[in-house]
Amino acid sequence: MNNNIFYTVVAGFTLGIFMSSFIKMGFSFFLFLLILAVIIFILGKFFAKNKKLIILLALFTLCFGLGILRYEIKEIRLENNYLIEKIGQKVSLEGIIVDEPSVKDHGQQLIIEYESKNKIMVSTSLFPEFKYGDLIQVEGKLERPQNFETTAGTDFDYVGFLAKEDIYYQISFAQVNLISSGHGSFIKSKLFNFKNVFINKINLLIKEPESALLSGLILGAKNSLGKELQDDFRVAGVSHIVALSGYNITIVAVGIMAILVFLPKAFSLSFGVLGILAFAIMTGGTATVMRASIMALLVLLAKGTNRKYDISRALLLAGVFMLIQNPKILVFDISFQLSFLSTLALILICPIIEKKMTFITEKYKLRELIVSTVSTQIFVLPFIFYKMGMISIYALFANILILPIISWVMFFGFITGVFGFVSSFLAIPFAFINSLL
């Protein structure tokens, strides 16, 4: 595809979604842009001197309209009259848990589906524990989510954050009772069960909060680290390591490639890609994991083929496909935004900075580590400051110190879990090493 056409399509479609995220334009505005694009095209084709420029403008207008159309389609949802009428009142309803429960300090967060795909965020006590696929009865006050102010003084768009997953209702402090189990996807249930067993093995061998951090690093577990430790991570500028991301998944692939370094490059790269796919499936294949996996695959291909320019186009194309699947992630999904910026930095900025840091030794991949860290921080820190209202002055140095250890933490954590299936006694040495790390 011609470069000008490619970037025009991407820019127009993305801008249409971006504008729709803040201003409701409606289907009528899409029709207006469609007609306008046709008029511009006709004028450019038959009357303009610079036909290419006018045709690109028509294409941009069309794609801008398509971005608006996609967002409007996403906004269409089947509202349940019962739920609308009961907002602010105590309700009793039944629903199936459609995602893995998120365990916080003082309770669980459950996402249930109630008739006609209406999703509700339910907050309840830590016990009894529930799991994906449970049919439950929920009693509590039905409310619409509300935005709130963070501890840093910035406004958090909680409504948009939940809406991107089609969640428009919530019930806090709910009374929840289990009716029956096994109503979810068979494959997804087995994946979550395997992950939970693996995490339980880790919890038996490694104390909190180290076990919660490890579970988040290698399997994307939604366990709470506690407010105090999360605040420490935020001050140090390393909050990104807590959740499963493209970086974590890339480590898995790079580790596989390092083990298979004796094979031809094409083979080791192929096994790295297979490692990412297997890891994504094992962690449940959630939307966040799939987005992180796509970003990790692009980084891996960039490293393996040394075709930075082509990979940057592939990154934009991957981003567009993700927006087609869910246009709300552009503005309301911080994990997507951070993954995209980090991947873009690794592809575009790394080669430039690497040329300026030839004085750093390549031993133990020290130069690669520092260059990657500096590159991502250049892109990510301004965005974090904009989103969070604060920035860590320690972030660059903390990341340089911590990131080399993360790969070893994940490696020994995985070994600990595997040996835990065989014998807890055999796993103890690896668990001890992991706790030190």
Side-chain angles (χ1 to χ4, degrees), residues 1-76 164 246 290-291 294-295 297-299 301-302 305-333 336-352 375 378-380 382-383 386:
M1 184 187 292
N2 181 279
N3 286 339
N4 292 333
I5 294 176
F6 175 78
Y7 289 117
T8 298
V9 170
V10 171
F13 185 74
T14 305
L15 185 61
I17 290 175
F18 181 79
M19 294 295 291
S20 296
S21 301
F22 299 98
I23 306 169
K24 185 169 179 60
M25 299 184 183
F27 290 101
S28 56
F29 194 71
F30 160 71
L31 293 175
F32 165 75
L33 290 174
L34 179 62
I35 296 169
L36 181 61
V38 172
I39 293 172
I40 293 173
F41 178 81
I42 293 172
L43 291 175
K45 187 73 175 176
F46 297 104
F47 302 105
K49 293 182 180 179
N50 193 340
K51 290 181 171 46
K52 289 184 178 179
L53 183 62
I54 300 299
I55 290 173
L56 284 176
L57 179 60
L59 182 61
F60 177 86
T61 305
L62 174 62
C63 292
F64 182 78
L66 290 173
I68 293 172
L69 177 64
R70 178 64 191 97
Y71 195 90
E72 290 297 327
I73 292 173
K74 176 66 176 178
E75 281 282 80
I76 296 175
K164 79 179 190 301
M290 294 310 295
R291 288 194 284 273
I294 290 173
M295 298 302 178
L297 283 169
L298 290 171
V299 172
L301 291 173
T305 60
N306 293 318
R307 300 175 70 179
K308 309 296 183 185
Y309 177 72
D310 289 345
I311 292 297
S312 63
R313 287 185 59 176
L315 173 63
L316 293 176
L317 190 60
V320 168
F321 280 125
M322 284 186 249
L323 292 180
I324 291 173
Q325 189 271 327
N326 185 354
K328 290 195 172 185
I329 64 174
L330 180 64
V331 171
F332 303 112
D333 191 335
F336 167 75
Q337 296 159 354
L338 288 175
S339 290
F340 189 89
L341 288 174
S342 299
T343 309
L344 193 63
L346 291 171
I347 292 171
L348 300 180
I349 306 298
C350 261
I352 298 172
S375 300
I378 287 173
F379 264 46
V380 168
F383 177 78
Y386 167 70

Measuring from atom [atom1] of [X] to atom [atom2] of [Y], what distance do you get when rounded to the nearest 0.5 angstrom?
X      : Y      : atom1 : atom2 : result
Leu316 : Phe13  : CG    : CZ    : 13.5 Å
Ile352 : Leu348 : CD1   : CG    : 7.5 Å
Leu33  : Phe60  : CG    : CZ    : 10.0 Å
Leu56  : Cys63  : CG    : SG    : 10.5 Å
Leu43  : Leu57  : CG    : CG    : 10.5 Å
Leu59  : Phe64  : CG    : CZ    : 14.0 Å

Practice item. Please step through side-chain contact (heavy atoms from CB on, under 4.5 Å) for the pair Phe6 and Arg313, ending with a clear verdict. Key: CA-CA 9 Å; Phe6 175 78; Arg313 287 185 59 176; 3.8 Å; yes
Check your understanding: Is the Phe22 to Phe18 ring centre distance short of 6.0 Å?
Key -> yes
Practice item. Could you tell me if the ring centre of Phe30 sits under 6.0 Å from that of Phe27? Key: no
For a quick test of reading the model, state the closest non-hydrogen atom pair linking [X] to [Y] and the distance between them.
X      : Y      : answer
Ser375 : Ala345 : O-CB, 3.4 Å
Ile329 : Phe336 : O-CD2, 3.5 Å
Asn326 : Lys74  : OD1-CE, 3.3 Å

Exercise for review: Determine yes or no for a side-chain-to-main-chain donor-acceptor pair under 3.5 angstrom, with Asp333 supplying the side chain and Lys328 the backbone.
Suggested key: no
Acceptor/donor pairs from residues 65-72 side chains to any protein atom, 3.5 angstrom cut, sequence neighbours excluded:
unit_1, atom_1, unit_2, atom_2, d
Arg70, NE, Ile324, O, 2.5
Arg70, NH2, Ile324, O, 3.0
Arg70, NH2, Gln325, O, 3.3
Glu72, OE1, Lys24, NZ, 3.2
Glu72, OE2, Gly26, N, 3.2

Point to revise | Trace of the side-chain contact (heavy atoms from CB on, under 4.5 Å) decision for Thr14 with Ile17 | key: CA-CA 5 Å; Thr14 305; Ile17 290 175; 5.8 Å; no
Practice item. Just jot down the side-chain contact (heavy atoms from CB on, under 4.5 Å) partners of Ile35, sequence neighbours excluded, or say none. Key: Ile39
